[in-house]
Every structure is written in structure tokens, then in C-alpha cells.
2 protein chains.
Amino acid sequence: MTDTAPRRRARAQRPPTIIDVAEHAGVSRGTVSRVLQGGHNVSPAAREAVDAAIRKLGYVVNRAARSLVTQRAGSVAFLLSETQDRLFADPNFTTLLTGCTTALGEHDIPLILITAGTDAERRRILPFLSAHHVDGVLLISSHRGNPMIEHLRRANLPFVCCGKPLGERGTLSYVASDDLEGARTMVRHLIESGRRRVATIAGPQDMPGGLERLQGYREMLAEHGIAYDKRLVTTGDYSRASGEACMQQLLATAKDIDAVFVASDLMADGALAAIERAGLRVPDDIAVGGFDDSPAATAVHPPLTTIRQPWSRISEMMVRQLLAQIAGEGPATVILPTELVVRESA
Amino acid sequence: MTDTAPRRRARAQRPPTIIDVAEHAGVSRGTVSRVLQGGHNVSPAAREAVDAAIRKLGYVVNRAARSLVTQRAGSVAFLLSETQDRLFADPNFTTLLTGCTTALGEHDIPLILITAGTDAERRRILPFLSAHHVDGVLLISSHRGNPMIEHLRRANLPFVCCGKPLGERGTLSYVASDDLEGARTMVRHLIESGRRRVATIAGPQDMPGGLERLQGYREMLAEHGIAYDKRLVTTGDYSRASGEACMQQLLATAKDIDAVFVASDLMADGALAAIERAGLRVPDDIAVGGFDDSPAATAVHPPLTTIRQPWSRISEMMVRQLLAQIAGEGPATVILPTELVVRESA
DNA sequence: GTCTCTACTGTGAACGTGCACAGTCCACCA
DNA sequence: TGGTGGACTGTGCACGTTCACAGTAGAGAC
């Protein structure tokens with residue numbers, strides 16, 4: 001009898017439950033639940049009463065209880081399997097991160113940020129993922145042979161990669177920008193503005209973008225009947241310093257260069273410095289084309305002509321693909337077009 | 001009889017539960033639970049049996065079930081109540097974000113990233129927070145009068161701010177670096193290296209750091225018996241462009257400036273450009289002191305002498321304070337010392 | 001009038017865990 | 001010998017939801 005009193009008092013302090021809503025609306029739990037799920041097989045009158053009760057009580061579904069019965073976490077992980085340094089320093093990366101957050105937010109799905117840079121972290125993360133504490137993973141990595149992929153497969157956890165994973169066989173979902181076509185576009189731009197001796201500072205060949213941007217360079221040269229000269233090809237590591245070093249080397253080996261396609265804006269910045277130090281002018285003597293449209297592109301003089309990657313759309317598509325996989329669809333590949341941004345350097 | 005068959009089959013597909021562990025170890029659920037909580041009042045033999053069973057079955061606690069009964073979410077939000085632009089572009093910010101992630105990770109607490117830049121997002125977020133879908137909030141904001149603070153208070157949700165919230169009364173937890181002392185240190189460095197006409201490009205006075213960095217400048221001038229000249233004080237908005245404009249203005253009004261303390265590296269970059277354009281040399285003619293130790297500080301010529309904020313420690317302390325609050329402690333304020341990084345610009 | 005079909009509603013049984021409580025066992029002491 | 005306390009263990013219930021199922025009412029067909 002009186003033993004319900006403490007319970008009732010406790011209940012008053014707590015957020016309202018579906019039972020409170022049901023009582024308030026004069027229907028059963030089942031009906032409230034159905035309204036919550038979208039309202040199929042619910043009479044208009046009942047739905048309205050439930051909606052009113054929800055508003056009045058300020059009811060919000062208890063995600064833990066829902067998870068427990070649906071066997072779904074209701075959340076998604078954004079997994080950084082990197083040493084973080086390079087990727088995280090890239091401001092475009094933050095666009096990707098917030099893009100994913102808001103895209104997921106529209107589905108009321110929280111994004112859980114997970115870093116797995118160190119082995120200790122990886123050990124902690126693995127059980128978390130295997131136990132399906134998230135419904136899926138947005139996987140960010142730029143290195144060849146990401147061990148996480150194998151783990152995710154084994155855990156039977158849906159995942160979507162950002163960028164084409166290198167050294168992976170078997171089907172998997174990824175969303176990437178069209179690096180090949182982007183590189184082709186930039187080199188075409190250089191050639192069509194009259195340049196003939198076009199050099200390149202490529203990225204690491206074991207990272208996404210590295211291979212394809214170099215291939216795009218070669219293809220476009222070939223299409224314009226320009227012979228491939230391997231002395232005009234250097235390889236950096238995407239850092240500013242490496243761009244400077246590569247440019248210096250290029251200027252030393254081939255003095256008649258009139259354009260250079262650099263696989264990242266950061267490296268392009270370095271290249272600008274080297275060119276300036278050599279007493280040459282950009283773009284008059286040497287045109288410089290970058291890649292990424294990072295903030296660095298506009299912070300330097302002259303502002304960089306570059307290739308913009310659609311980070312915002314990439315994040316949208318990653319989320320869409322992941323949700324599709326969670327819903328049961330198979331994996332898919334999405335390639336998004338890039339955009340040539342013409343400024344003053346080329 | 002046979003109706004247990006389907007259940008058993010289904011169970012086989014699913015992750016093991018505490019019951020499976022208990023059966024396997026030959027103990028009761030309660031004992032397993034006690035081992036999971038830290039193992040008080042459990043015999044060594046039982047504990048060992050349970051540990052072995054956990055390892056063998058690969059058992060991981062079901063967080064949803066635990067949440068349901070403990071009334072705790074078991075996660076923490078990292079809340080960006082910003083238009084994102086400025087804050088997110090700052091690479092130090094990513095240090096903060098990963099720092100919080102790993103600090104929480106050590107306690108097995110997932111970090112949920114939430115952006116609340118737009119009104120629509122805020123509307124979505126509010127019920128989520130009020131319903132205690134997270135146990136606490138790491139609040140990132142740089143503007144005066146953050147409306148989120150009031151909401152969090154009303155929802156009775158523990159939170160810790162990054163940086164001192166302006167225009168707030170009442171007690172609240174925050175962790176900040178010692179902007180005042182940082183500014184004093186930099187200006188002292190400028191004066192002690194022989195400069196007398198020290199100008200400043202301050203930050204917006206309605207953002208953290210703005211007020212204090214300016215005050216530190218004034219204090220140190222006073223301590224060295226240098227009269228405050230308001231013509232030597234300009235105010236930018238932390239952007240590179242504003243730094244350039246402010247410096248230009250300073251050079252126009254007071255030609256005898258021999259040093260300038262700039263409240264952010266980004267603005268300092270702009271200032272360098274303006275100085276170079278005026279045909280003056282750094283540090284020979286004008287010494288430039290920055291603030292933040294952002295990557296920009298080393299990307300420019302000459303590399304910036306600047307003040308480094310302890311972002312990594314800030315994130316650690318934010319997490320520590322938040323967990324303390326969640327555990328029932330009252331709010332607290334933490335101020336962390338900055339560090340002078342001497343490079344070539346001053 | 002009965003039967004069927006549709007649209008809607010209520011109910012009981014899970015989901016996996018923590019906690020309070022009630023034991024049980026054993027050692028120790030008077 | 002009985003009592004007392006401490007260390008450990010098992011059990012029932014509750015947490016808030018979804019889902020399958022059973023059930024009801026009313027409309028329409030025959």
C-alpha cells in the first residue's frame with residue numbers, strides 16, 4: 001500500500017517515462033511507442049493525445065532502454081587510426097569532422113570520437129567496437145594496410161572509409177574525391193595556359209592521393225603529347241619542408257621548368273619559398289598549382305591556384321553510406337568530383 | 001521444453017552476457033557484477049574464476065543495460081557552441097579535442113562530439129542534454145554570454161568551460177591558461193631586450209584572452225615605468241587580415257615603434273607582412289611577439305617568438321574537473337601557466 | 001445475423017545489468 | 001555451547017523500452 005509512496009516520490013524527480021506519457025494521454029505504452037516509431041497503426045486522436053502529453057511532460061526517449069531491447073547502440077564512431085599529427089593538422093579535416101557530426105545529428109545519432117593512435121588506445125578500443133557499442137564506424141586513415149579494417153570486418157561492424165584504402169582487397173565501402181581527375185584538371189590548366197616544362201612534387205606513394213595525383217599528371221602530359229621526363233618528378237611527404245626541398249632539387253636539376261604541380265598546398269607553400277629564394281617569380285617564371293585548398297592556399301603570396309576537395313559532401317556521403325549499411329545494404333564506393341580554384345599562382 | 005531452443009540459438013549469436021560468465025565461472029550474477037565493479041567482497045578463488053571466464057568468453061559489459069539501472073549515461077559531451085569557424089580553424093583546438101578524448105578514454109568514457117553552431121542544432125541538442133544522455137559536458141565557447149551555460153545549469157548537468165566564461169555570474173567550473181601572466185611575460189621579454197616603444201594589437205575585448213592579454217601589457221609597461229600611450233593600442237579580431245590592418249595603422253600613427261605584442265599568432269603573421277611591406281626588418285627594427293604558438297608561428301619568416309598555452313594539460317584538467325563534478329564534487333577553477341617560446345622575431 | 005477483414009489497442013515478456021537484501025559459512029570469543 | 005561479527009554469495013526486483021501477440025470494435029459482404 002504505502003510502499004508505493006517512495007517510488008512515486010522518486011519518480012517525480014526523474015525524467016518522465018513512456019508510462020507517464022501513456023497515463024497522461026490515456027493510452028497504453030504500446031501506443032506511445034508506436035507514435036514514437038513513426039505512428040503507424042495509430043488513430044489520429046491517439047496520436048494527438050500522445051504528442052500533447054509528450055510536449056507537456058517534456059518527454060525524451062531513454063536511449064539506454066531502447067538500446068537494450070533493440071540491440072542497437074544508436075551511435076556511430078568517428079575513428080582516427082592515425083598518429084593524428086598530419087591528418088589532424090589539416091583544417092579540411094575539421095570540416096570533415098563537423099560535417100559528419102551534423103549529418104549524423106540530423107538523424108539524431110550521436111558521434112563518438114575515438115582516437116586509436118597508440119597501441120594502448122587500440123587495445124582499449126577493440127573490445128568497445130567488438131561489443132557493438134556503436135552501430136558503425138566512420139574510419140579515417142591515410143596509411144596503407146590499416147589493421148583496423150580487419151578488426152572491423154571480424155567484428156561484423158559496418159564501416160565506411162574516408163579515401164580509398166590502399167593495399168586492401170575485398171569489397172569495402174569508401175568515399176573519396178576524384179584525385180585522378182583533380183590532378184588531370186590542374187595539369188590541363190597549367191598546360192593550357194601555355195606551360196610545357198611541367199614538373200611535379202608528388203605525395204607519398206603509399207598514401208591515398210599519392211598514386212592517383214601522380215598518375216593524373218602523367219596522363220595529362222601524355223594527352224598533350226608531352227614526353228614524360230622523370231627528372232621533373234619528385235616525391236615529398238606532404239609537409240611544407242619537403243615541398244621546399246623538392247622544389248630546390250627540381251630547380252637544380254632542370255632550370256627550364258615553367259610550371260610545377262604540387263600534390264598538396266602545404267608542399268606548394270614550401271615550393272613558393274624555394275622559388276622566391278632562387279630569385280624567380282610566380283607565376284611569371286614558374287606557375288605553381290597546389291592541391292587541397294587549405295587555408296595555407298590563401299595565406300601565401302601569391303595566393304595558390306589549387307584543387308578543392310568537397311569535404312562537406314564527402315562527410316555527408318560517408319554518413320549516408322554508413323547508415324545504409326547499418327540498415328542492411330551492401331557496401332558501396334562513392335567518388336566525388338573536385339573543383340579547380342584559380343587564384344594567382346597559376 | 002523445446003521452446004527454449006530458439007532462445008538458446010539466438011543467444012549463441014549474441015555477445016556473452018553476465019549470466020554466461022556466471023555460469024561459466026560457477027558463480028552467481030551478483031559475484032560477477034562485484035568483480036566488474038572492482039572486486040570488493042569477492043574471494044580470490046571466485047575472482048579468478050570470473051576473470052578467466054571473462055577472458056575466455058570475451059565478455060564486455062553491456063553499457064546500455066548498465067546505464068539503464070545506474071541512471072548514468074557513461075559518456076561525456078564535447079560541446080562546441082560556436083560558429084565553429086574561428087575556433088575550429090585553430091590547430092591548438094584539435095590538441096584540446098584529442099587531449100580530452102584520450103583523457104576520457106583512460107576512464108573508458110566515450111566522448112560525444114556535439115556542435116551547436118546553428119539554432120536548429122541547439123534545438124536538437126537541448127532535449128538530448130536535458131534528458132541526461134551524457135553525464136557531463138566539456139563546454140567550448142569563446143563568446144560572451146553563452147546561452148548554453150544557463151541551459152546546462154537548468155538541466156542540472158555538470159560542465160566545465162574551456163577558458164574563463166565572460167559575462168557570467170555565479171560559480172562555475174573552468175580551466176584556462178594564465179593569459180594575464182602570459183602577456184606580462186611576453187611584454188617583459190620585449191622590454192628587457194631593450195625595447196621602449198612597445199605597441200600592441202589586442203584581441204576582441206568580448207572574448208577570453210582579449211581583456212587579460214591587454215591588461216598584462218598595461219601592467220608590465222607600468223612596472224617598467226613606461227607611460228601608457230593609447231595610440232599604441234589597436235584591436236583586431238584574431239584574424240590574419242585584421243593583424244595586417246592594425247599593424248599598418250600603428251605604423252602610420254607612430255613611426256617610432258620598436259616592438260609590438262600581438263594577441264595571436266595569426267594576427268602576428270599579418271603584422272609581419274605589414275612590417276615587411278613598410279620596408280622594415282624584424283626583429284632589427286621592430287620586434288614582434290605573438291601568442292598561441294600555433295603552426296603559423298613557425299611557418300613564417302622570421303619564426304615567431306610567442307606564448308605557448310598548455311592545451312594538453314588544459315584538456316586533462318577539464319576532464320579531471322568534470323569527472324570530479326560528476327562524482328559529486330563542487331565546481332572549481334583551474335589556471336595553468338603558459339610558456340614563453342623564444343624564436344627569431346623578438 | 002454472422003462472418004471476415006481491417007484498423008487499432010493493450011499486455012506480457014524480454015533486453016542485461018546493478019543494487020539491496022537475505023542468506024550462508026566460518027572464525028573467534030565469552 | 002551459544003552467540004556475534006565479518007567475509008562472502010545468491011536472488012529478486014527494477015531500470016524504460018520494443019516487439020510479438022492477442023484482443024476489440026466497427027465496417028462491409030454475403
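To find a chain, count down the sequence lines: A is the first, B the second, and so on, and within it residues start at 1.
- Separating the NE2 atom of H40(A) from the P atom of dA7(C) is a distance of 13 Å, rounded to the nearest angstrom.
- Listed nucleotides: dG16(D), dT17(C), dT9(C). Nearest to the side chain of L68(A): dG16(D).
- Atom CG in N62(A) sits roughly 14 Å away from atom C1' in dG16(C) (whole-Å rounding).
- Here dC19(C) presents its C1' atom at 12 Å from CD of Q71(B), a figure rounded to the nearest Å.
- Residue T31(A) has no polar side-chain atom (N or O) positioned under 4.0 Å from OP1 or OP2 of dC8(C).
- A64(B) comes within 4.0 angstrom of no nucleic acid atom, judged by non-hydrogen atoms across all strands.
- For the side-chain contact (heavy atoms from CB on, under 4.5 Å) criterion with C162(A), the lone passing option out of W311(A), F78(A), Y174(A), F93(A) is W311(A).
- For D119(B), the side chain to side chain donor-acceptor pair (under 3.5 Å) test picks out R122(B), with sequence neighbours left out.
- Every residue was checked against the side chain to side chain donor-acceptor pair (under 3.5 Å) condition with E316(B), not counting sequence neighbours, and none meets it.
- Atoms CZ (R72(A)) and P (dA14(C)) sit 22 Å apart, rounded to a whole Å.
- Between the CE atom in M148(B) and the CG atom in L157(B) there is a gap of 11.0 Å [rounded to 0.5 Å].
- Every side chain to side chain donor-acceptor pair (under 3.5 Å) that S177(A) has, sequence neighbours left out, goes to Q309(A).
- Residue E23(A) contributes atom CD, which lies 13 Å from atom P of dG10(C) at whole-angstrom precision.
- Taking both residues in full, the closest heavy atoms of E121(A) and T102(B) are given as OE2-CG2, 2.7 Å, listed atom of the first, atom of the second, then distance.
- The nearest whole Å value for the distance from the CZ atom in R14(B) to the P atom in dC15(C) is 6 Å.
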Atom pairs under 3.5 Å, N or O on each side, protein against nucleotides 18-21 of chain D: can you list them with distances?
{"residue": "dT18(D)", "atom": "OP1", "partner": "Q37(A)", "partner atom": "NE2", "Å": "2.7"}
{"residue": "dT18(D)", "atom": "OP1", "partner": "R66(A)", "partner atom": "NE", "Å": "2.9"}
{"residue": "dT18(D)", "atom": "OP1", "partner": "R66(A)", "partner atom": "NH2", "Å": "3.0"}
{"residue": "dT18(D)", "atom": "OP2", "partner": "S33(A)", "partner atom": "OG", "Å": "2.9"}
{"residue": "dT18(D)", "atom": "O4", "partner": "R29(A)", "partner atom": "NH2", "Å": "2.6"}

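- Put simply, CD1 on I19(B) is 11 Å from C1' on dA14(C), counting in whole angstrom units.
- A distance of 6.5 Å separates CG in L111(A) from CG in L97(A), rounded to the nearest 0.5 Å.
- The minimum heavy-atom distance between A116(A) and L79(A), with the atom names listed, is CB-CD1, 4.0 Å.
- An angle of 60°, rounded to 10°, separates the two end axes of the helix from dG1(C)-dC30(D) to dA30(C)-dT1(D), each defined over five pairs.
- Taking the side chain to side chain donor-acceptor pair (under 3.5 Å) definition, one finds that S173(B) meets it with Q325(B), sequence neighbours left out.
- dG18(C) atom P lies 16 Å from atom CG of N41(B), rounded to whole Å.
- Contact between the side-chain N/O atoms of S28(A) and the OP1/OP2 oxygens of dG10(C) is found at a separation under 4.0 Å.
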